[in-house]
Amino acid sequence: MRRYGPARALLLILGLAACQPAQQPVAGNEPLAQGRVPDPPTPPPAPGPNFGNGSAIAVPGIPDTNGLDDAQIDAMFDAAVARARPGESKRAICVGMQGLADGAVKDAPEATIRRLAELLRLPTFPASQCRADVYPFVTATKAEAILYTVKVESRDRRGVLTFWATAVFGNLGAYGMQFRLVREGGRWVPEPTGMSVVS
């Protein structure tokens, strides 16, 4: 391979910059006018809430929290927040929960919504007031949001809960992990089961 000094390399780059692109025929095999470069195609419209109403995230209502105390619910949502913090583009938080007896995600308990608003310092909404398209958003304002959900899957004979904690920040952006909620040192601790999802 032949090496060139800095001056020769600069001359070579400048010489290449003066070159014009080869002319290519346009659709219909018609030749281009001399010196005319075809216009690039226009990009497709950006998808997003401005092109539709998005998909529902949750149904309004109170989730099944029978047998759960506030400390358990807080520990489960802390696990969801640990999956992903709101990025700079996020202007709101949506929060949903699917309890053991629920058939769908519902609004998180009001105390949880208030707690996450204080913790993350962003306006926080029940999940039924949000929708999802390219990213989750608040239906009323179209503010880009991050969605936190907890889904209680099971409770064994000893009372140990298995749950999923998920953070969704886009249709191709979500982190979820399955946990067991165990009591250690007088507090509730989410223990990963080893199962997770990434989108």
Side-chain angles (χ1 to χ4, degrees), residues 49 52-86 90-133 135-171 173-183 186-193 195-197 199:
N53 293 329
S55 301
I57 292 174
V59 295
I62 300 167
D64 172 28
T65 57
N66 287 329
L68 299 175
D69 62 33
D70 289 344
Q72 289 173 306
I73 295 170
D74 289 349
M76 290 189 288
F77 275 98
D78 288 347
V81 171
R83 300 305 99 223
R85 303 283 292 193
K90 303 304 180 191
R91 300 287 176 247
I93 300 166
C94 301
V95 191
M97 181 174 181
Q98 185 171 345
L100 192 56
D102 297 327
V105 174
K106 295 185 176 182
D107 297 331
E110 286 184 33
T112 300
I113 294 169
R114 284 192 308 271
R115 180 177 169 272
L116 291 181
E118 291 172 14
L119 177 70
L120 300 171
R121 299 174 185 243
L122 283 172
T124 305
F125 298 86
S128 67
Q129 294 179 22
C130 302
R131 297 184 76 80
D133 195 355
Y135 48 78
F137 63 94
V138 179
T139 307
T141 64
K142 305 292 191 233
E144 189 173 334
I146 189 166
L147 167 67
Y148 293 117
T149 59
V150 163
K151 178 183 179 186
V152 180
E153 280 194 321
S154 65
R155 182 190 314 255
D156 68 16
R157 287 179 288 182
R158 296 173 295 139
V160 176
L161 295 173
T162 300
F163 70 97
W164 279 90
T166 307
V168 178
F169 45 90
N171 65 352
Y175 298 123
M177 188 173 282
Q178 187 186 56
F179 296 89
R180 280 186 303 278
L181 192 61
V182 297
R183 190 89 170 157
R187 62 188 190 99
W188 293 104
V189 178
E191 279 187 352
T193 64
M195 292 182 61
S196 63
V197 292
S199 168

Where [X] and [Y] come nearest, the two heavy atoms and their spacing:
X    : Y    : answer
M76  : L68  : CE-CD1, 4.0 Å
P192 : F179 : N-CD2, 3.6 Å
A75  : L181 : CB-CD1, 3.9 Å
A165 : A80  : CB-N, 3.5 Å
A84  : I146 : O-CD1, 3.7 Å
P190 : W188 : CD-O, 4.1 Å

Would you call [X] and [Y] a side-chain contact if the rule is heavy atoms closer than 4.5 Å?
X    : Y    : result
Y148 : L120 : yes
M97  : F77  : yes
R91  : V138 : no
E144 : F137 : no
V81  : L116 : yes
L100 : R155 : yes

Looking only at atom types and distance, does a side-chain atom of [X] sit under 3.5 Å from a main-chain N or O of [Y], one as donor and one as acceptor?
X    : Y    : answer
D107 : S128 : yes
D64  : D102 : no
Q72  : D69  : yes

Please determine whether the number of non-hydrogen atoms from other residues, nucleotides or ligands lying under 6.0 Å from atom CG of L119 exceeds 12.
yes

Tell me if the NZ atom of K151 is crowded by more than 12 foreign heavy atoms within 6.0 Å.
no

With side-chain contact (heavy atoms from CB on, under 4.5 Å) as the criterion, how do Q178 and T162 come out once you've worked through the C-alpha distance, each side chain's angles and the decisive distance to 0.1 Å?
CA-CA 7 Å; Q178 187 186 56; T162 300; 3.5 Å; yes

[atom1]/[X] to [atom2]/[Y] distance, rounded to the nearest 0.5 angstrom?
X    : Y    : atom1 : atom2 : value
Y135 : K90  : OH    : NZ    : 7.5 Å
F125 : L147 : CZ    : CG    : 13.5 Å
R180 : S154 : CZ    : OG    : 10.0 Å

Relative to the ring of Y175, is the ring of F169 parallel (under 30°), tilted (30 to 60°) or perpendicular (over 60°)?
tilted

Passing option when R115 is tested against D78, D70, T124 for side chain to side chain donor-acceptor pair (under 3.5 Å)
D78

Between W164 and M195, is the side-chain contact (heavy atoms from CB on, under 4.5 Å) condition met? List the steps.
CA-CA 9 Å; W164 279 90; M195 292 182 61; 4.1 Å; yes

Is the closest basic N to carboxylate O distance between K142 and D133 below 4.0 Å?
no

